[in-house]
2 protein chains.
Amino acid sequence: MVRVEREGTDRPPAGELTFLLGMGFQLVVAEFDRRVAEAGYPGLRPLHGMAFQALRGPGATSSELAERLGVTKQAAGQLVKELEQRGYVARRPHPAGGRRRLVVLTDSAERHLEVAGRVIAELEAELALRTGQADLGVLRAELTALVHAMSDGSPPPLRPVW
Amino acid sequence: MVRVEREGTDRPPAGELTFLLGMGFQLVVAEFDRRVAEAGYPGLRPLHGMAFQALRGPGATSSELAERLGVTKQAAGQLVKELEQRGYVARRPHPAGGRRRLVVLTDSAERHLEVAGRVIAELEAELALRTGQADLGVLRAELTALVHAMSDGSPPPLRPVW
DNA sequence: GGGGTGAGTAAAGCACCTTTACTCGCCCCG
DNA sequence: CGGGGCGAGTAAAGGTGCTTTACTCACCCC
């Protein structure tokens with residue numbers, strides 16, 4: 001990592017793309033998590049939200065969830081057990097049989113998805129205002145190009161970073 | 001979190017700013033770490049590079065390092081002990097006396113900083129090419145505005161995210 | 001010279017994940 | 001129709017990296 005030359009009144013590195021990405025992501029995620037917790041979901045971390053996303057619609061088996069989250073199936077199974085105890089998912093017999101169990105979202109989890117969606121939309125709208133952009137379309141487009149350039153093909157599962 | 005409407009051949013969410021930030025950061029950091037390891041520094045995680053950054057120049061005490069990294073002083077002390085054993089930092093008596101010990105970088109760490117700086121510059125140059133941008137100035141500017149809008153004042157320490 | 005302050009250290013605890021090793025339902029081929 | 005084996009799921013132990021709690025000790029300062 002390299003510290004770039006100072007420019008004007010810039011205090012910290014503040015020119016390094018990698019640092020900027022990290023700080024931006026961290027700030028946005030932290031604020032998102034804070035607001036979701038405040039809206040009635042304390043103790044639900046972003047990873048839980050990712051799991052809800054992965055289980056939307058028809059649901060999935062624990063192993064499918066593991067693959068989508070990029071963790072081992074044991075970790076996914078533990079996550080499912082915890083979410084089941086808290087009433088966010090239910091396990092039903094899988095139509096394909098075998099040892100499979102289908103994990104589906106409860107209404108409670110669906111409500112959380114709605115709240116989280118509203119929170120993140122509000123947050124991004126505020127950011128658009130504060131940065132003076134009409135929307136954040138330019139940033140989105142640039143980031144999309146970046147992600148596409150680095151992962152050409154399928155984007156990676158979103159996991160905790162270092 | 002909300003899944004956005006499909007557009008063309010887009011497969012995943014791919015419109016959510018938060019997701020894009022996370023994926024971008026994760027991809028860049030992972031590739032950076034991979035290349036640095038390949039360049040002769042296996043087992044040095046990005047956090048170690050952050051510590052080197054924080055210790056550049058006059059060095060710092062363990063407690064100062066802890067504050068800059070956003071961890072407890074115990075965690076920083078443990079990190080220093082590990083880096084000392086591996087020859088990347090040295091501990092010298094602190095001019096201000098007291099129980100303080102000044103942690104400074106060795107030549108080995110300075111060389112790592114040079115390598116890491118070169119690696120990240122190359123990586124960003126390749127990204128600029130692949131995304132078709134002359135440089136990534138637009139993205140940098142947008143991200144700088146975003147970070148500034150969310151942290152007005154001092155940027156946060158860069159820590160593992162969720 | 002005795003208490004306060006703050007750096008550093010030690011030990012235990014904890015969150016979260018992986019690795020290793022198994023159980024067991026079903027397919028399928030002989 | 002029976003047994004091998006594939007793959008989902010589970011169980012238990014291990015490991016990493018951090019925090020919390022609790023202390024030691026050097027110096028300042030009245």
Side-chain angles (χ1 to χ4, degrees), chain A residues 26 29-30 33 37 42-51 54-55 58-86 88-104 156-162, chain B residues 26 29-30 33 37 42-51 54-55 58-86 88-104 156-162:
Chain A
Q26 180 169 329
V29 166
D33 194 41
L44 271 191
R45 293 171 302 124
L47 179 61
H48 297 130
M50 295 293 303
L55 293 172
T61 66
S62 288
S63 294
E64 286 165 349
L65 178 61
E67 192 177 1
R68 293 178 195 178
L69 295 181
V71 298
T72 60
K73 59 183 182 179
Q74 290 87 340
Q78 198 165 330
L79 182 63
V80 167
K81 188 197 296 181
E82 179 199 342
L83 289 176
E84 187 181 30
Q85 288 169 353
R86 295 166 71 173
Y88 289 114
V89 305
R91 303 168 74 180
R92 320 180 8 166
H94 194 286
R99 265 179 88 85
R100 268 167 270 210
R101 313 269 325 252
L102 187 64
V103 181
V104 296
L158 202 42
R159 300 257 342 258
V161 177
W162 98 73
Chain B
Q26 179 170 329
V29 166
D33 195 40
L44 272 191
R45 293 173 301 127
L47 179 60
H48 297 130
M50 296 295 302
L55 293 173
T61 66
S62 288
S63 294
E64 286 165 349
L65 178 62
E67 192 178 358
R68 293 178 195 177
L69 295 180
V71 299
T72 61
K73 59 182 181 177
Q74 290 86 339
Q78 199 166 329
L79 183 63
V80 167
K81 187 197 297 180
E82 180 199 344
L83 290 176
E84 186 180 29
Q85 289 171 352
R86 295 167 71 173
Y88 289 114
V89 304
R91 304 169 73 180
R92 318 180 11 165
H94 195 287
R99 265 181 89 85
R100 267 168 272 209
R101 314 272 322 257
L102 187 63
V103 181
V104 296
L158 202 42
R159 299 254 345 256
V161 177
W162 99 72

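Below, read A as the first sequence line, B as the second, and so on, with proteins coming before strands; counting in each chain starts at 1. Note that the coordinates shown come from a computational prediction; the quantities given were computed from them, not determined experimentally. Computation of the quantities below employed the complete heavy-atom set of this structure, encompassing side-chain atoms and omitting hydrogens, waters and symmetry-equivalent molecules.
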(message) Lys73(A) vs Gln78(A), test: side chain to side chain contact (heavy atoms under 4.5 Å, CB included). Steps then yes/no.
(response) CA-CA 9 Å; Lys73(A) 59 183 182 179; Gln78(A) 198 165 330; over 6 Å; no
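- Rounded to whole Å, the distance from CG on Leu102(B) to P on dG8(C) is 10 Å.
- The side chain of Arg91(A) places an N or O atom within less than 4.0 Å of a non-bridging phosphate oxygen (OP1 or OP2) of dT10(D).
- Between Gln78(B) atom CD and dT9(C) atom C1' the separation is 11 Å, expressed in whole Å.
- Annotation: the span from Leu44(A) atom CG to Asp33(A) atom CG amounts to 8.5 Å, rounded to 0.5 Å.
- Distance CG/Leu55(B) to CG/Leu83(B): 8.0 Å, rounded to 0.5 Å.
- In this structure, Thr72(B) does not reach the dT20(D) phosphate: none of its side-chain N or O atoms is under 4.0 Å from OP1 or OP2.
- Remark: P of dC6(D) and NZ of Lys73(A) are 13 Å apart, rounded to the nearest angstrom.
- For Arg92(B) and dA7(C), the CZ to P distance is 20 Å, given to the nearest whole Å.
- Checking the phosphate oxygens (OP1, OP2) of dG8(C), a side-chain nitrogen or oxygen of Ser63(B) falls inside 4.0 Å.
- Spacing between atom NZ of Lys81(B) and atom P of dA7(C) amounts to 19 Å, rounded to whole angstrom units.
- Following rounding to the nearest Å, Gln74(B) (CD) and dA22(D) (P) show an atom-to-atom distance of 13 Å.
- Atom P of nucleotide dT10(D) and atom CD of Glu82(A) are separated by 15 Å, given to the nearest angstrom.
- Using a 4.0 Å heavy-atom criterion, one finds that Gly98(A) contacts the sugar-phosphate atoms exclusively.
- Residue-to-nucleotide proximity on DNA chain D shows that, of Arg45(B) and Arg99(B), the 5′-proximal contact is made by Arg45(B).
- No more than 12 heavy-atom neighbours from other residues, nucleotides or ligands sit within 6.0 angstrom of CD on Glu67(B).
- Here dT24(D) presents its C1' atom at 17 Å from CZ of Arg100(B), a figure rounded to the nearest Å.
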